[in-house]
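Scroll down for the structure; my scribbles are underneath it.
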There are 2 protein chains.
Amino acid sequence: MTESAAGMTGARALVETAAAGGVQVCFANPGTTEMPLVSALDEVPSVHPVLGLFEGVCTGAADGYARISGRPAMTLLHLGPGFANGIANLHNARRAHSPVLNVVGDHASWHLPYDAPLTSDIVSLATPVSGWVGTVGSAARTSEVTAEALAAARTPPGHGATLIVPADFQQATVTGPIASMPTPPAPTLVDAERVERIAERLRGGSRAVLLLGGGALNERGQRAARRISEATGATLYSETFPAAAERGRGLPDLDRLPYFPEAAIKALAGAETVVLAGALEPVAYFGYAGTPSLLAEPGTVHALAEPGEDGVQALEDLAKALGAKAASPLREPAFPDGLPDGPLIPAAIGRIVSALLPEGAVVSVEGGTCGYPFFTASAHAARHTTLTNTGGAIGQGLPAALGAAIAAPERQVIALQSDGSAQYTIQALWTMAREQTDVITLIASNRRYGILRTELDRHGGSDRGPASAGLTSLDDPALNWPALASGYGVPAQRAETGDELARALRRALAAGGPQLIEMVL
Amino acid sequence: MTESAAGMTGARALVETAAAGGVQVCFANPGTTEMPLVSALDEVPSVHPVLGLFEGVCTGAADGYARISGRPAMTLLHLGPGFANGIANLHNARRAHSPVLNVVGDHASWHLPYDAPLTSDIVSLATPVSGWVGTVGSAARTSEVTAEALAAARTPPGHGATLIVPADFQQATVTGPIASMPTPPAPTLVDAERVERIAERLRGGSRAVLLLGGGALNERGQRAARRISEATGATLYSETFPAAAERGRGLPDLDRLPYFPEAAIKALAGAETVVLAGALEPVAYFGYAGTPSLLAEPGTVHALAEPGEDGVQALEDLAKALGAKAASPLREPAFPDGLPDGPLIPAAIGRIVSALLPEGAVVSVEGGTCGYPFFTASAHAARHTTLTNTGGAIGQGLPAALGAAIAAPERQVIALQSDGSAQYTIQALWTMAREQTDVITLIASNRRYGILRTELDRHGGSDRGPASAGLTSLDDPALNWPALASGYGVPAQRAETGDELARALRRALAAGGPQLIEMVL
């Protein structure tokens, strides 16, 4: 597409270029310096603007959108401080390799030297979460630089690209063409030699673990991995925090590598070969005195496919090299007839949500309380896609669910959340209501930062003083989740038993649209 | 204070050093890498921990606390992403010259090279909002580096200092002494020669504007400025967004320099001398084509006192050099008896809030809708302190009100907010409830980003397409503010007329504690 930009503003040239490069949605919280871009969105109806009341909602939604759609997502943010509010979820997007194009307005270029109140060093803020950072240096180059940014975002395995656009260049009339957007390169194919080298180790009877991550967690990747496992006895694991993993009936029950390093080290112990397919070498999430950072035994780790390489093809090639047969039929246990009743405990929540999950759902999981129990229970649920918090920056689950719902309006989205983590980007509920997305938010309300209690115990015994008790408690006052949800226009229910949760979830699924259920633990 | 740190953890040495340096409150949202610091807070009861559910609440509260107390404020934030969530309000704190010590945990030093999910470049994130950035490089140096950071924060005019502390150094046992904390230097005195040079210009009959900012907006500064004005005919202005300004009965009615550049240029037009006392040279908030960045006429600006210099003393010296007499009695108009009833319009809100303001209140103003009308009406209200958004990063008003209330529990705090801006750090309501602060939050609920509508009109006519209409509207759905407030444990009311507002505000003042009133415009 090399349409002429003659007579359009720089802002419109930017939006047209993004649209030509595959952008269909812009998650926006604009300000004064982005008004020409807002006007340009009026003129380019193929890019749907979605307003977030807080920038972390926009960036987290862009991440979730990119993970589910495979398309690049665009954000529109206001100067350095607006961008800063989006950094935490861009950190997660970076770890997820999501192609996100951040467009950040800046002061008019001639106004920047005067250090007006909102002036700041946007490049310094953007660099830690962006694979590409650039500033439009003249109106005439707007389209070209936008194309460059978007190409960088779409280069496998996917990157954040942050494009800073002074307001005067947005406003100026430009004459050049809309830059043509090269087709983004496909993931690099893994060469036969590397596949053969790993096949050779596995053929030799080496006790092996196959760790899947990134794109290798799609259906094809998992099926190929299962064939390899059956042919060699290799144990399969998913990386601990996948960006998007297929799961449920018809797929192997792939455990996630455990979160705590002691358990992960145990899971990998005795493996003579740890094969990485799209996953990074496993490292401890946090460093604990006396526990190594690297979780696999030294010298055992072999990368079949790095992020940015075609891990799925590499797994299929490896299965073929090993002469692996078609996989045996999966033994799929029937789902238990009855659902657990009684007080809500995480395991019961996991089973109930798994049992009622509609086919093709997306489940955005954040927070330790229910995340693992759900994952355990969901192996034989209806087929679904799980999104997790890839970078550990809290406040990702609700926005990611919102973005996923906008990417795939035909799919039911469940946000399985903890009360602590949901608060960081609680404003996502409003955009769910405005866009009438089919997102059911389930809040595991235990009125504490449970993981921090665990960590305090790990650090030094369980006797807590008032500071550590207070700083890990969400009580006093307890959050009233149905009230918060209704404040944002989201219908809400409250469940205290398994039976109540099952009924509430059935009602929410039947009603459609945004819904919230407080699960009182 | 040079107590021995023998046998304490690095974390405790840090907290003891901060306490010795004047820190009494820590606004915290900690995570795993800050657990030793949380335990240390158990052991140092003189530092009161205040939990925020989102980091922007912590940094904005620290800013408000520092502005009202004059003491340094401490924040405790989790790694790069947690710090990032606090950047927007640290940007405001930087522009306010608030002494804020940010303590940010990081991975154990030996774990950093492995690029675990939460690893990021904290220095790059911190630099744009910090006058001082440093990393603790060994447990033994923890106290010394903390003292250095705090000294930097307290050096006039006040700075943000960001101290990164790897978790292993927090945990290690240290033996050195608690570093002694030098008394922070006082603001530099302005030399007599500079005062005389400016006095000379004013004596010569030069038409002058005196622009007050920073500390010069206290009572002494304003009284001295009024004497100068009476002696010379100079017009007085406050900087547009002061960090903290005294206002009300007994003080001159100091207008703020207008926000929009055309009006500010008009206010300064014809001035042959623009004297700055604690204020920066006035520049346009945003750059608009055809309007200059510098608002005063070239060559007219003379700094009597820069930020970090003693502007109050300089004003008094200038008054003396001019032979200015004691000021004439202020003509204070009696407050009108009746309060405006009828539909709530911004001018009515300004008058009602001004009339009912208790003596000694702190008013945290954010958002254009009611901010200026209140300021106009408040000139002869009971004496109070106004806090404004110094840096333009939205989401400052509620946290600043929270911090002010914690700094001065004996004072009534009013947060005069717009609906759009309140959403960015809405979680502040919960901490107001937990700490039972006397903060009344007034939400000007007009269900739109009013300032952006104005800016769109300035940019290109008033016909809006669906994108610009949608991205500047907060309707669809309307936020239910009483529901949100009650979700966070804050009692709430709703007012649609002047009479309802006056009654609701009287009830809220009588009740005490956190309160919210939605003012439906």
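So that the names make sense, note that chain A is the first sequence line, chain B the second, and so on, each numbered from 1.
- Residue A:L41 holds its CG atom at 6.5 Å from CG of B:L471, rounded to the nearest 0.5 Å.
- Aromatic ring centres of A:F286 and B:H107: separated by under 6.0 Å.
- For B:S473, the parts sitting under 4.5 Å from any heavy atom of chain A are the backbone and the side chain alike.
- Chain A forms the most heavy-atom pairs under 4.5 Å with one residue out of B:W430, B:W481, B:F54, and that residue is B:W430.
- The aromatic ring centroids of B:Y114 and A:Y285 lie 6.0 Å or more from each other.
- Shown here for A:A108 and B:G287, the closest heavy-atom pair between the two residues is CB-O, 4.4 Å.
- Contacts of B:Q171 with chain A are made by side-chain atoms alone, with heavy-atom separations under 4.5 Å and no backbone atom involved.
- For the residue pair B:L53 and A:Q423, the shortest heavy atom distance occurs at CD1-CG, 3.8 Å.
- When side chains are defined from C-beta on, A:P477 does not count as touching B:Q436, because their heavy atoms never get closer than 4.5 Å.
- Shown here for A:A467 and B:D42, the closest heavy-atom pair between the two residues is N-OD1, 2.7 Å.
- Between A:D115 and B:R95 there is a salt bridge, since a side-chain N of the basic residue sits under 4.0 Å from a carboxylate O of the acidic one.
- Of all heavy-atom pairs between B:S293 and A:H111, the closest is OG-ND1, 2.7 Å.
- Nearest heavy-atom pair across B:P81 and A:A393 is CB-CB, 3.5 Å.
- Taking A:L118, A:N480, A:V283 one by one and counting their heavy-atom pairs under 4.5 Å with chain B, the maximum is reached by A:L118.
- A donor-acceptor pair under 3.5 Å is formed between the side chain of B:S124 and the backbone N or O of A:S124.
- Looking only at side-chain heavy atoms (C-beta outward), A:T390 and B:P117 stay at 4.5 Å or farther from each other.
- With a threshold of 4.5 angstrom between heavy atoms, A:Y449 approaches chain B through side-chain atoms but not through N, CA, C or O.
- Proximity of A:L125 to B:V129: side-chain heavy atoms (C-beta onward) are nowhere separated by under 4.5 Å.
- Contact annotation for A:D168: neither backbone nor side-chain heavy atoms come within less than 4.5 Å of a heavy atom of chain B.
- With sequence neighbours left out, B:R94 forms a salt bridge (Lys or Arg N to Asp or Glu O under 4.0 Å) with no residue at all.
- Using a 4.5 Å cut-off between heavy atoms, A:T119 touches chain B through backbone and side chain atoms alike.
- Side chains of B:Q427 and A:Q427 form a contact here, defined as non-hydrogen atoms less than 4.5 Å apart.
- Heavy atoms closer than 4.5 Å to chain B are found nowhere in A:V123, neither backbone nor side chain.
- Heavy atoms only, all atoms of each residue included: A:Y488 and B:I426 are closest at OH-CG2, 3.6 Å.
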